[in-house]
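Input: a single structure, listed below in structure tokens.
By convention here, the first residue in the shown sequence is residue 1. Small disclaimer: the values here were computed from a predicted structure and weren't measured.
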Amino acid sequence: MPWSTSARSWREDVFALTEDPRRGKGPGGVAPSRPWPFLVLALGLLGVGISFWRPIPAGVWHDDGVYMLIGESLAQGEGLRYLGVPANPPAVKFPPLYPAVLGILWMMLGSVGPVTLVAVWLNLVLMATAGGLLGWVLHEGAGIRKGPAVAIAALAFVSADLWRPALVPLSEALFIALSAGAMAAWPAASRVGDRRGAVTLSVLLALAVLTRSAGLALVVGFGTALLLRRSGRAALSVCAPALAAAASWAAWASAHADEIPPGMRDVLGPYGAWLAGQVWSAPGAFVGGLPAHTADLAGRVLGLLVPGLLGWPLWVAGLPLLALAAAGVLRLCRRFPPLVWVPAFYLAMLLTWPFVDRRLVAPVHPWIVALVGVGILSLADRWSARGLRWGLGVVAFAWISSHTAVTASRAAGGWPVAAYQLRSVRLAAAVEALRNTAPEDAVVGAPEFWAALHLHGGWSAAPSARFTPRADDVAKPLWGTPMEQLQLWWDSGVDFVLLEQGGQIHGAALDLLDERCPGAVRLMADFPPQLLVRLDWDEACAESLGLTHGPANR
């Protein structure tokens with residue numbers, strides 16, 4: 001299909017290219033086709049999600065437990081607070097929309113088990129809906145014929161890595177669904193005079209930034225697309241509510257951040273101040289580490305595109321797919337620009353983050369798969385040489401078949417929940433040990449399980465470690481120095497410390513405490529790889545250590 005078919009302006013040409021010649025026109029332009037293929041796609045993807053699902057307790061992956069604590073706090077009328085943490089500090093880290101959804105479930109169901117179950121099944125429905133919307137977007141918005149559009153969307157949403165965050169109460173599924181909804185709203189919002197489409201897109205963008213801080217990449221991506229498609233005024237009018245929502249949330253979080261004890265701000269404080277502190281503490285390390293960080297990010301993206309490979313085989317198999325994605329970019333930058341700009345700004349945002357894991361990259365995975373799929377179709381349409389088309393077919397077949405085979409193998413082997421299940425066993429052992437040794441009014445510290453210990457045992461709980469992945473001093477581990485940990489425990493009034501990884505995180509701090517205050521550390525339970533210790537310390541002990549402030553709950 002030629003890039004230009006007449007002497008009309010390039011904006012008019014873009015709309016012409018998105019029209020499927022087999023469909024008639026209605027009052028608003030192109031009449032939508034029957035939606036049943038995309039509904040079938042969504043139902044099929046729901047089946048994929050159900051095949052991955054296993055019952056998992058909340059809190060096994062840290063953030064899921066924190067979301068649940070905030071939701072319970074909202075349900076109890078306490079507002080956005082970390083319920084169960086000493087002094088119930090304000091919850092300024094996670095935007096409020098997903099905790100509000102969990103709060104509604106807490107009000108309806110009342111206990112952690114049913115809330116977790118319904119929250120996860122809601123995630124599965126949201127993910128399946130997002131997949132159906134992507135198929136619709138590729139067909140109705142980007143002009144891809146129905147069969148290939150459904151196939152690309154199916155491939156984009158069968159990834160086990162993509163479904164993995166949806167299997168516990170995390171906000172990714174809601175964010176991905178809102179992102180897909182924004183993509184679906186784009187064709188109407190980009191037309192001059194379609195106020196309903198513009199308002200719909202504006203609302204979805206505002207909801208996205210209130211779901212995840214990464215929603216700002218969505219806003220900037222759509223804003224850029226509107227700026228290039230229509231005008232700066234149109235971009236501002238659509239994006240202004242989302243920017244106002246993000247600014248309001250940031251202002252509230254910043255205003256209440258000082259209520260969080262200093263040692264907890266790494267874990268519980270707002271993202272903005274934490275990230276700025278990480279960068280400014282070692283700006284040279286940040287700049288110098290960008291090349292390696294970029295390579296790591298690219299490797300994570302390729303790891304989602306070509307699951308199951310590591311090292312040089314991953315790069316050999318993945319780089320051709322990035323070339324195909326570039327072909328998709330060339331086609332969609334005019335036909336459907338949000339599918340280009342949103343992943344671009346999202347990945348650029350990740351370059352500022354101190355670390356990258358699969359969970360952070362997962363929300364952009366469907367859009368990158370879509371770019372690869374569209375790139376394959378674009379080259380197939382444009383290449384006439386039989387050898388080139390044959391080679392393209394081999395690459396496409398190898399990618400699709402291997403991606404599907406690895407996904408099916410992972411589903412059959414329970415890979416998406418294997419880590420969750422392992423941590424579930426460890427959480428159960430920790431709760432049992434505490435029930436046998438800790439009184440109900442104890443304060444328990446743990447690196448990651450602290451929220452889960454409150455949810456499933458009722459104890460007051462607090463994070464027991466810092467989180468400073470870009471510390472400028474190599475002698476300072478990312479979980480904090482021994483003195484920083486002791487100060488954190490003293491400020492929080494911690495009575496028991498759960499060592500989730502043996503002595504790796506807290507061993508040095510406990511050794512220091514035991515050396516300065518003999519008898520202050522008592523081993524209560526040993527259940528490898530975890531240990532449970534009790535702290536018997538007082539003001540004199542704290543003074544000998546040079547600790548300041550005082551326990552929050554004493």
- Taking atom CH2 of Trp341 as the centre, does the number of heavy atoms from other residues, nucleotides or ligands within less than 6.0 Å exceed 12? no

- Query: In Å, rounded to the nearest 0.5 Å, how long is the span from CD1 of Ile368 to OH of Tyr346?
  - Reply: 10.0 Å

- Message: Once rounded to the nearest 0.5 Å, what's the spacing between atom CG of Leu167 and atom CG of Leu124?
- Response: 6.5 Å

- Are side-chain heavy atoms of Leu80 and Trp252 found at a separation under 4.5 Å? yes

- Message: Evaluate Trp479 against His506 for side chain to side chain donor-acceptor pair (under 3.5 Å), listing each step before the verdict.
- Response: CA-CA 9 Å; Trp479 48 77; His506 294 319; over 6 Å; no

- Message: Tell me if a side-chain donor or acceptor on Asp64 pairs with a main-chain N or O of Trp61 at a distance below 3.5 Å.
- Response: yes

- Query: Is there a side-chain contact between Asp495 and Leu535, using heavy atoms and a 4.5 Å cut-off?
  - Reply: no

- Task: Please round to the nearest 0.5 Å and tell me the distance separating atom CZ of Arg212 and atom CG of Leu218.
- Result: 12.0 Å

- Message: Ring centres under 6.0 Å, that's the criterion: do Trp315 and Trp312 meet it?
- Response: no

- Test Glu539 against Glu543 for side-chain contact (heavy atoms from CB on, under 4.5 Å), laying out the working first. CA-CA 6 Å; Glu539 294 280 352; Glu543 184 177 349; over 6 Å; no

- For the pair Trp106 (side chain) and Met68 (backbone), establish whether a donor and an acceptor sit closer than 3.5 Å, ignoring hydrogens and angles. yes

- Message: Has Trp163 got a side-chain atom pairing as donor or acceptor with Phe157's backbone, closer than 3.5 angstrom?
- Response: yes

- Please report the C-alpha distance between Arg359 and Asp161 in whole Å, then the side-chain angles of each, then the deciding distance to 0.1 Å, and finally whether the salt bridge (charged side-chain N to carboxylate O under 4.0 Å, His left out) criterion is met. CA-CA 8 Å; Arg359 179 191 164 193; Asp161 286 291; over 6 Å; no

- Message: My understanding is that only one of Leu174, Leu46, Ile176 makes a side chain to side chain contact (heavy atoms under 4.5 Å, CB included) with Met127; could you say which?
- Response: Ile176

- Message: We want to know whether His454 and Ser460 form a side-chain donor-acceptor pair, criterion being a heavy-atom distance below 3.5 angstrom.
- Response: no

- OG1 of Thr211 to CG of Leu97: how many Å apart, nearest 0.5 Å? 4.0 Å

- Message: Is any side-chain heavy atom of Cys541 closer than 4.5 Å to one of Leu513?
- Response: yes

- Would you please say whether a donor-acceptor pair under 3.5 Å links the side chains of Ser171 and Tyr67? yes

- Message: Is it the case that atom CE in Met108 sees more than 12 heavy atoms from other parts of the structure closer than 6.0 Å?
- Response: no

- Salt bridge Asp536-Arg522, side-chain N to carboxylate O under 4.0 Å: yes

- Quick one: does Asn123's side chain have a donor or acceptor within less than 3.5 Å of a partner on Val168's backbone? yes

- Task: Look up atom CG in Asp63 and atom CD in Glu448, then write down how far apart they are to the nearest 0.5 Å.
- Result: 9.0 Å

- N/O donor-acceptor pair under 3.5 Å between Ser409 side chain and Val406 backbone: no

- Message: Keeping Lys93 on the side-chain end and Tyr271 on the backbone end, is there a donor-acceptor pair under 3.5 Å?
- Response: no

- Message: Tell me whether Trp489 contacts the main-chain N or O of Ser464 through its side chain, where contact means a donor paired with an acceptor under 3.5 Å.
- Response: yes

- Message: On the six-membered ring of Trp415, is Arg164 placed so that its NZ or CZ lies under 6.0 angstrom from the centre and within 45° of the ring axis?
- Response: yes

- If we only count heavy atoms from C-beta on, is the Leu210 to Tyr98 side-chain gap below 4.5 Å? no

- Just checking, any donor-acceptor pair under 3.5 angstrom between side chains of Trp353 and His293? no

- Could you tell me whether the side chain of Pro529 reaches within less than 4.5 Å of the side chain of Gln504, counting heavy atoms only? no

- Item | Whether Asp357 side chain and Leu360 backbone form a donor-acceptor pair below 3.5 Å | yes

- Does Glu500 pair with Arg426 as a salt bridge, N-O distance under 4.0 Å? no

- Message: For Ala244, is there any backbone N or O sitting under 3.5 Å from a side-chain donor or acceptor partner on Ser248?
- Response: yes

- Do the side chain of Ser254 and the main chain of Ala251 share a donor and acceptor less than 3.5 angstrom apart? no

